[in-house]
Amino acid sequence: MSDSGDLRVPHVALLPSAGMGHLTPFLRLAALLASHDVSVTFITPNPTVSLAESQSLSNFLMAFPQITRKQLHLLPLDESCANSEDPFYYHFELIRRSSHLLSPLLSSLSPPLSAMITDMSFTSTVLPITDSLGLPNYIFFTSSAKMLTLYVSFHTMLGPNHTIKDDLQVPGLGPIPKSWMPPPLLQESNNLLKTFFIENGKKMTESSGILVNTYESIESETLAALNEGKVLRKLPSVISIGPLAPCFFETSQQLQWLNDQATGSVLYVSFGSRTAMSREQIRELGDGLVRSGCRFLWAVKDKKVDIEDDEKLTEVLGEELLERVKKNGLAVKNWLNQEEILSHPAIGGFLSHCGWNSLSEALWNGVRILAWPQHGDQKVNADLVERIGLGTWDKSWGWGDRETVVKAEDIAQTVSEIMGNDLLKLQALHIRDEARRAVGDDGSSTKSLAALIDTWKKFQVLP
Ligand SMILES: O=c1ccn([C@@H]2O[C@H](COP(=O)(O)OP(=O)(O)O[C@H]3O[C@H](CO)[C@@H](O)[C@H](O)[C@H]3O)[C@@H](O)[C@H]2O)c(=O)[nH]1
């Protein structure tokens, strides 16, 4: 790399991971970079797991013709060596094992790249490749800064048999209790998620920087701890660039039902793109929503992957419950444009699993959250929801595992409490204003991104 002196248009390649939770923030980042006159190549691992991913990608690329697409054709993998029943983690592994194909792809790009931005799940496999090309590689961490503290320190916490004994306690920060850690990390046996945490977490120190879709006013202490070396020494700069604003490219499917509801009266219920509850829990939830007496819009998900989710609502809910649901709300089983829903004036609350994108979209739109974490980073995120005053979290509901079923009466009571909580409603609006300030003209995230783009402008990789 050399200091070129002249300020040229930087060219950056982005490599997202599998699932909408990873693809969506990458698409938003690509659009943001393009709006700052950065030339963007978007690398798409092919095939995708879900229909939602392939449809979003094609809609996005149609809306942003200035962004170049390059496909990374994934090599087949013997399922037995992936050691995971989760189709998304399995796909992470597939992409990791096809990473070497990136080398010729990246070298062939013209003009030469100024930098690469890689999803956190491929840190350990892609960094050696970009290093050998002399290409700066920034890791995009698609969850919270608090979760990043666990990601980079997990490998240092492992005891005998690779087990975890204690809560994570970073000086100056609240603890991350063991019970909030993604359950696969606590297993003695190896599994894909644990391997990703260990291998990628170790390698993060060698990246050129870590981008996080967060902002100063909600995670300032955590960001400071990360950047002051309190979490891990020798960590590169952690750069907050969020909240990444939605970019409108999806075809909109206006829901007339929502247009007919009173302002702020509807609870939106959704657990993201890859969480399916047990049938028993789905029915308790439906019963609870009806009993709460609140209006609700419910995205019902019966299977993790959308292409397999083919049973009708009558089969999933049963006819009797479906009839009761129709009196107070609307249940749908298709993909909704969540961003459009959360920005609708009728929406007054969000029952959410607290995937990081859902949380970011809720705060972007000033919608209070009732948190019900299901897996992964979601308890850590739910804690943040509670701490910043965006919503509430009933910890007794546990993880959305198949052994525990939260009863309809509990759900009904908690839902009516949050929908009646005016203080949270006001606080959510205040948080929305702060979120928008962070990415406004003089905002902290805008300045960080501008500084990063300047770095890319000043440096170029020698051909
Ligand atoms: O019907 C739907 C369902 C989802 N979405 C969108 O899909 C994304 C889902 O992302 P997220 O809310 O983060 O949830 P997951 O799909 O569960 O994402 C995975 O990835 C996230 C980022 O790493 C993690 O925080 C989550 O825990 C993990 O499950 C969001 O942008 C939603 O707006 C829709 O537009 N319509």
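None of the values given here were measured: they were computed from a predicted structure. Counting convention: from 1, in listed order, for ligands and their atoms alike. All values below were derived from every heavy atom in this structure, side-chain atoms included, with hydrogens, water molecules and symmetry-related copies excluded.
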**Report entry** Contact atoms of ligand 1, heavy-atom distance to Trp356 under 4.0 Å
**Finding:** 13 (O), 24 (C), 25 (O)
Query raised in the report: Nearest non-hydrogen atom to atom 27 (O) of ligand 1 belongs to which of Leu342, Asp377, Leu27, Val300?
Result: Asp377
**Report entry** Lys301 to ligand 1, any heavy atom closer than 4.0 Å
**Finding:** no
Report summary line: If we number the atoms of ligand 1 from 1 as shown, the ones under 4.0 Å from a heavy atom of Gly355 are 11 (P), 12 (O), 13 (O), 14 (O), 25 (O), 26 (C), 27 (O)
Query raised in the report: How many angstroms lie between CG in Asp119 and NE2 in His22, if you round to the nearest 0.5 Å?
Result: 5.5 Å
Query raised in the report: For the residue pair Phe26 and Phe140, does the interplanar ring angle fall in the parallel (under 30°), tilted (30 to 60°) or perpendicular (over 60°) class?
Result: tilted
Query - For atom 12 (O) of ligand 1, the protein heavy atom that lies nearest, with its residue and separation - result: Ser358 OG, 2.5 Å
Query raised in the report: Do the charged groups of Asp287 and Arg324 touch, with an N to O distance under 4.0 Å?
Result: yes
**Report entry** For Gln378, the ligand 1 atoms whose distance to one of its heavy atoms is below 4.0 Å
**Finding:** 26 (C), 27 (O), 29 (O)
Report task. Could you tell me the residue and atom name of the protein heavy atom closest to atom 14 (O) of ligand 1, and the distance to it rounded to 0.1 Å? Result -> His353 NE2, 3.0 Å
Report summary line: Min over Gly272, Gly21, Pro182 of heavy-atom distance to atom 22 (C) of ligand 1 lands on Gly21
Report summary line: closest protein heavy atom to atom 13 (O) of ligand 1 is Asn357 ND2, 2.8 Å
Requested in this report: Compute the shortest N/O to N/O distance between Gln338 and ligand 1 and return yes if it is under 3.5 Å, no if not.
Outcome: yes
Report summary line: Of Leu336, Asn337, Asn213, Thr24, the one whose closest heavy atom lies nearest atom 8 (C) of ligand 1 is Thr24
Query raised in the report: Does a sphere of radius 6.0 Å around CD in Glu221 hold more than 12 heavy atoms from other residues, nucleotides or ligands, not counting ones at 6.0 Å or beyond?
Result: no
**Report entry** Donor-acceptor pair, side chain of Ser98 and main chain of Leu75, under 3.5 angstrom
**Finding:** yes
Query - Ion pair Asp86/Lys304, N-O distance below 4.0 Å - result: yes
Query raised in the report: Do Thr214 side-chain atoms and Ser144 backbone N/O form a donor-acceptor pair below 3.5 Å?
Result: no
Query raised in the report: Are any of the side-chain nitrogens in Glu323 or Lys326 under 4.0 Å away from the carboxylate oxygens of its partner?
Result: yes
Query - Atoms of ligand 1 close to Thr142 [distance to a heavy atom under 4.0 angstrom, numbered from 1] - result: 22 (C), 23 (O)
Report task. With rounding to the nearest 0.5 Å, note down the distance linking CD in Gln374 to CZ in Arg274. Result -> 11.5 Å
Query raised in the report: Can you tell which of Phe141, Phe88, Trp335, Phe140 gets a heavy atom nearest to atom 3 (C) of ligand 1?
Result: Trp335
**Report entry** Nearest-option assignment for atom 30 (C) of ligand 1, heavy atoms, candidates Met20, Gln374, Glu361, Met147
**Finding:** Glu361
Query raised in the report: Looking at Ser273, which atoms of ligand 1 are within less than 4.0 Å of one of its heavy atoms?
Result: 15 (P), 16 (O)
**Report entry** Pairing of Glu284 and Arg279 as salt bridge, 4.0 angstrom limit
**Finding:** no
Query raised in the report: Short list, please: which atoms of ligand 1 are under 4.0 Å from a heavy atom of His375?
Result: 29 (O)
